[in-house]
Each structure stands twice: as C-alpha cells, then as structure tokens.
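First the structure, in the form of structure tokens, and then the observations on it.
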Amino acid sequence: MTDKRIETPQAIRGTQDIFGAEAEAFAHVVETFERIRRLYRFRRVEMPVFEKTAVFSRSLGETTDVVSKEMYSFEDRGGESLTLRPEFTAGLTRAFLTNGWQQHAPLKLATHGPLFRYERPQKGRYRQFHQINAEIIGAAEPQADVELLVMADQLLRELGIADGVTLQLNTLGDGESRENWRRALVEYFGDHRAELSEDSQDRLERNPLRILDSKDRRDRAFVADAPQIDAFLSGEAQEFFAAVTEGLDAAGVAWERAGSLVRGLDYYRHTAFEFVTDRLGAQGTVLGGGRYDGLVEALGGPATPAVGWAAGIERLAMLVGERGEPSADVAVVPMGAAAEAAAAGIVADLRRAGLTVDMAFKGNMKKRMSRANDSGARHAVILGEEELAAGEATVKTLSTGDQARVPLTGLLPVLKG
RNA sequence: GCGAUCGUAGCUCAGUUGGUUAGAGCGCCGGUUUGUGGUACCGGAGGUCGGGGGUUCGAGACCCCUCGAUCGCCCCA
C-alpha cells in the first residue's frame, strides 16, 4: 500500500502570520496613527488593493525598480492587466481624480493597509508588507509639508521611538531645478563613467540621482565633488525650502539637511525626507515621503500640487518592541452545567458594564483556575451549584488568594473596585 | 537579480573526527490535591533531523538540487 501524506501548503515567501505580542505591537502602531491622524484632521480613505497596471506604471515611472521588476501584475479573466498595489500614492491620486475629490481640495487623507512588492525578503522587508500613509492633495503651500512632517514627528514620539530616529531633509527643487541638476549630474558622472561601480554605471541611465547615495567606495570619491542641488535651485524653490525649515523649527521638530537624499520614484519635487534609524540593519528608513506636484498631471488630471508620506508598520512595530497582551479584569469559572448556563448571563452583564472578562469553556476546576491565572485577571469569579443555590458567587483575588462570597446582584462594585 | 550564513520536538537550542533505540530547558497533558491557580515534586505525550536525490557497510552530520529564514548588495517603508 502506498502511504500518502497530505502536504500542508506553505505560506507564500515574504508573507507573515503575525500573532501575540508582535500583533499587539502592530495594532498599537495602527491605533496610534489613527488617533494622531484625527488630531491633525486627516480624513480616512479606503481603497482597492488592486488597480489597472497603468495607474502605477505611469505614475511611478517605467524605469523604476518598482515598476520594472517588483510588481505583482496579472491578467484578469477579461484580459485586463491588473497590479496589486506596490504603494498608496498612485491609487490615492487615481481615486482623487475619478471621484471628483477636487471639490474638497485641499484634501487631507489617511489610510493604511497591505502593499505588495516582489523583492528578496529580509528582516523588515516583505513581499506583503503594511504601511500607514498620509497625504495632502491640492496644497502648494510649504505649510502643508510642515504639517505632515510635524505629524510624522508626533507619531514617532508617541510611539516612544523618536530618540532613535532622525529626520533627514532635502529639496529637489521645482521641476526645472530638478531637471537641470539631473543633467549636470549625468554630465559630471558621465566624465568618470569607467571608474564608477557597475551599479552606478547602470544608474547613470536609469536614475542618476541615486548615484549620490551609493555605498560603493568607487562612487563615493566622486560623490563628494558632485554638483549640489543648491546651485540649481530657483529663487522660488529656495524660498519654499526655507519656509519648510522655518516651520519645522517653529514646531520644535529636529531635522538634518541631507544634500544627497533623493527619492527613487519619478514624481517627487521640492521637499524630500526620510526618518532613518540604525537599529534595523539595512532597512534604515522608517518613514519617508515628499512633495509630488507632477503626479496628478501624469495621471491625466489638472495640475495639482500634493505632498505625502508613508511608513512601514512592520518596521515601526519592530522599533516599538513586543507588547504584552492586555490582561483580563475578571475570569469566570463555572462548575457544572447549571452554573455554565448562569455564567453566560453573568459574563455578558460584566462585559456590558465595560469589564474585560475571560471564561474557559472546558476543563476541570483546576484547569479553569489555571487559565484564570494565565489571563492575568485580578479576580476569579467561581460559580458552582452551592453558590448558585444561594444566589451568590465566590470572588477570589488571585494575587493574594483571598476569597469571599458575594451576592450576584452586588458583583459589579466588588469587581470594579 | 547577486553574494554569504543557517534550517534538529509547539518554542529556544545541544548533538564530539559519519557508528547501535536522536537529547535538554521551556511549553503541553496527567498525578501528588476527583470545588481552587500562581511555587514544588513525580510521570507522560510529542521529532519522516525543511524536502528530494547521491556517496557509504552505516548520514542529523559529507556532496548535489530544491524550499524557506537570516545578513549584506540592490531597492525601498
């Protein structure tokens, strides 16, 4: 006879099942973001996790790594090319246009959820990962950049991780400044082409700005003397950046100028920033974003300025560390069928009164008391035939072992006290 | 996509130059206590050594392939 084992399918590479203390940390990040987003009056949006492929290919730039090799794209049954979202901004912009949200501009939006990128997984880097995201669409003023940055700063502070994280800030100037700078960089690095790393020779074609933050020694020698963005900034772009930094200073947000900080995606202009840490190995960026005044037009809309940022929930959760699962206030321990029936009502009443209550469904008393202990409850409410007959319960304070009979009608004040 | 390290019970790991029935701690189940947890003691269950192929009298240990994780590069949150 053939002995066939049923193979349990494995989870997809780069996906994760998050549970327990890690899941609590994850939830804590999201809850903190939700709370702060309300303080700043950002409105909540929900969006589809997939879009027509063109939404991303047109807005991120065909030559970017994300579009050229990291998207999960597929044809649906109608032959349409669809893509699981690799980021939020493009879909958000599409939603802004297709729903006529121009009428609400300037519009402050917040969302969070899963994103998908076909990358080599590492710590803090997954194929399905999760971000929180904040955007302001339809505001050309530097105050919008400032508000987003102050919000990001407050989020990191309230998560208790701000002191290990620094804000690196740069400007890419307006479209013209950026283009002139880009041309100067191509010319400069082109003169040293043969001496650059292989990666940077490739970057020269695809994304010359990226050479600036290359880690390769061969490149660094030239980066030091490379043309600086500051030399190409128009007067207007300089004023814009000055307004942003003044706003940050006024709000007490610490920042560092990072002249070689650039963004990988094509749509960025003016402000570019990253909150970075050295505690996550190669994945240093915890929150990043900038201004993308060119994007709405790239998707066929009217010229519309916008700024935004996104942060990796897994990375923030790792910095936050594991969080204990909250303990119960009360554990109810019924013994016998009659007590179990009565306990259902008691448990419901206690929960309706706002207490967190646990009740084991099975096991002997010893087992249930052990579960009560594990739940971290202050009190165990023991309900057996004897108590039931008297209309009472035994309330045991688990830390001391003291116990006393309490009438069922008077349970709540005892348990709340 | 490239380079490197790793993969043994639910978890964290030990397994000497390849050599008989693969171990520990924690956790789990049961007992000492058939209505009392947290401490202690006793006992038990649980592993095709990631998967496949090969070398060998003999492989958890060696070789090849594959899957996965981790660390860099790349990229990015």
Side-chain angles (χ1 to χ4, degrees), chain A residues 3 5 7-16 19-20 29 60 63-70 86-89 112 114-134 152 165 197-200 202-203 206-207 210 213-216 261-265 273-277 280-290 308-319 331 333-336 339 360 363-377 379-388 394-403:
Chain A
D3 170 37
R5 289 168 25 102
E7 297 249 352
T8 303
Q10 291 185 311
I12 304 294
R13 178 171 205 195
T15 65
Q16 7 164 35
F19 171 73
V29 170
L60 305 186
T63 61
T64 58
D65 278 21
V66 171
V67 170
S68 61
K69 47 194 188 193
E70 294 176 1
E87 56 120 46
F88 280 117
T89 305
H112 63 82
L115 287 325
F116 305 85
R117 248 120 99 159
Y118 191 86
E119 292 185 277
R120 184 82 180 261
Q122 271 180 43
K123 195 178 196 71
R125 188 165 116 179
Y126 307 96
R127 287 184 173 182
Q128 177 179 333
F129 60 106
H130 302 80
Q131 287 186 345
I132 51 181
N133 182 266
V165 178
S197 67
E198 296 75 24
D199 280 334
S200 285
D202 187 43
R203 289 184 183 111
R206 289 179 16 253
N207 198 347
R210 278 275 151 200
D213 55 12
S214 168
K215 289 166 190 160
D216 195 295
L261 173 68
V262 297
R263 306 263 72 208
L265 308 178
F273 54 87
E274 286 180 7
F275 287 80
V276 298
T277 177
L280 293 177
Q283 274 62 244
T285 303
V286 133
L287 184 153
W309 55 251
I313 298 176
E314 288 87 349
R315 293 184 186 178
L316 291 172
M318 280 190 276
L319 290 174
V333 179
M335 295 307 301
N364 58 21
M365 181 150 191
K366 180 177 172 146
K367 185 74 201 164
R368 293 188 198 215
M369 284 304 292
S370 174
R371 288 240 186 276
N373 190 61
D374 292 344
S375 77
H379 302 289
V381 174
I382 300 162
L383 196 65
E385 284 173 28
E386 193 191 329
E387 286 93 342
L388 207 54
T394 298
V395 174
K396 178 166 187 171
T397 304
L398 290 168
S399 57
T400 61
D402 298 339
Q403 58 184 59

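Here is how names work: the chains are called A, B, and so on, in the same order as the sequence lines, proteins then strands, and each is numbered from 1.
Closest to the A/Lys367 side chain, of the nucleotides B/A77, B/U70, B/G30, is B/G30. When each of B/U36, B/G35, B/C76 is scored by its nearest atom to the side-chain atoms of A/Glu386, the top-ranked nucleotide is B/G35. Of the candidates B/U32, B/G68, B/C74, the closest approach to any side-chain atom of A/Lys366 belongs to B/U32. Listed nucleotides: B/U36, B/A69, B/C76. Nearest to the side chain of A/Arg210: B/C76.
Counted by atom type alone, A/Thr394 and A/Gln403 present zero donor-acceptor pairs between their side chains at under 3.5 Å.
Distance CD/A/Gln128 to CZ/A/Arg13: 16.0 Å, rounded to 0.5 Å.
Counting any heavy atom pair closer than 4.0 Å across all strands shown, A/Arg368 reaches no nucleic acid atom. Across all strands shown, A/Glu385 has heavy atoms under 4.0 Å from base atoms, whether or not it also approaches the sugar-phosphate. Using a 4.0 Å heavy-atom criterion, one finds that A/Ala310 contacts the sugar-phosphate atoms exclusively. Counting non-hydrogen atoms under 4.0 angstrom, A/Lys69 reaches nothing in the nucleic acid. Among the atoms of the strands shown, only primed sugar atoms or phosphate atoms (P, OP1, OP2) are found under 4.0 Å from some heavy atom of A/Leu287. Within 4.0 Å (heavy atoms only), A/Gly363 reaches no atom of the nucleic acid at all. A/Gly124 comes within contact range of at least one nucleobase, with a heavy-atom separation under 4.0 Å. A/Gly401 comes within 4.0 angstrom of a nucleotide base, judged by non-hydrogen atoms across all strands. Using a 4.0 Å heavy-atom criterion, one finds that A/Gln16 contacts no nucleic acid atom at all. Base contact: A/Ile382 has a heavy atom under 4.0 Å from a base atom. Counting non-hydrogen atoms under 4.0 angstrom, A/Lys123 reaches the backbone sugars and phosphates but no base. No contact: A/Met335 has no heavy atom under 4.0 Å from any strand. A/Phe88 comes within 4.0 angstrom of nothing in the nucleic acid, heavy atoms only. Residue-level contact check: A/Gln10 touches the backbone only, with heavy atoms under 4.0 Å from sugar-phosphate atoms and none from bases.
In this structure a side-chain-to-backbone donor-acceptor pair under 3.5 Å is missing from A/Glu314 to A/Arg125. For the pair A/Arg117 (side chain) and A/Val66 (backbone), a donor-acceptor distance under 3.5 Å is absent. Under the 3.5 Å distance criterion, the side-chain polar atoms of A/Arg315 are left unmatched by any main-chain donor or acceptor of A/Val286.
Side chain A/Arg125 to base B/C74: a donor-acceptor pair is found below 3.5 Å. Residue-to-nucleotide contacts include a donor-acceptor pair under 3.5 Å from the side chain of A/Asn373 to the base of B/G37. Side-chain N/O atoms of A/Arg315 and base N/O atoms of B/C76 include a donor-acceptor pair closer than 3.5 Å. Applying the 3.5 Å distance criterion, the base of B/G37 shares no donor-acceptor pair with the side chain of A/Gln403. Taking only distance into account, the side chain of A/Lys396 meets the base of B/U36 through a donor-acceptor pair shorter than 3.5 Å.
A salt bridge links A/Asp65 with A/Arg206: the closest approach of a Lys/Arg side-chain nitrogen to an acidic carboxylate oxygen falls below 4.0 angstrom.
Positionally, the nearest nucleotide of RNA chain B for A/Met369 lies more toward the 5' end than for the other of A/Met369 and A/Ile12. Nearest-nucleotide positions on RNA chain B place A/Ser399 closer to the 5' end than the other of A/Ser399 and A/Arg13.
For the pair A/Asp216 CG and B/G3 P, the interatomic distance rounds to 17 Å; values are reported in whole Å. Straight-line distance from the CD atom of A/Gln131 to the P atom of B/C76: 13 Å, rounded to whole Å. One atom, CG of A/Asn364, and another, C1' of B/G31, lie 12 Å apart when rounded to the nearest Å.
Within the shown strands, B/A69 is the pairing partner of B/U5 under the Watson-Crick or G-U definition, both distances less than 3.5 Å. Using Watson-Crick or G-U wobble geometry with both donor-acceptor distances under 3.5 Å, B/G18 finds no partner in any strand shown. Across all strands shown, B/A45 remains unpaired; no Watson-Crick or G-U wobble contact has both distances below 3.5 Å. Under the Watson-Crick and G-U wobble criteria, each requiring two contacts below 3.5 Å, nucleotide B/G37 is left unpaired. With a cut-off of 3.5 Å on both Watson-Crick or G-U wobble distances, the partner of B/C13 is given as B/G23.
The separation of B/G30 from B/A45, taken at their P atoms, amounts to 15 Å, rounded to a whole angstrom.
Of the candidates A/Val165, A/Thr277, A/Val276, A/Thr285 forms a side-chain contact (heavy atoms from CB on, under 4.5 Å) with just one, namely A/Val276.
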task = For the pair A/Asn133 and A/Glu87, evaluate side chain to side chain contact (heavy atoms under 4.5 Å, CB included) and give the outcome as yes or no after the intermediate values.
result = CA-CA 9 Å; A/Asn133 182 266; A/Glu87 56 120 46; over 6 Å; no
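Contact annotation: A/Lys215 reaches the phosphate of B/C74 (side-chain N/O to OP1 or OP2, under 4.0 Å). The side chain of A/Arg120 places no N or O atom within less than 4.0 Å of a non-bridging phosphate oxygen (OP1 or OP2) of B/G72. For B/C75, neither phosphate oxygen OP1 nor OP2 lies less than 4.0 angstrom from any side-chain nitrogen or oxygen of A/Arg117.
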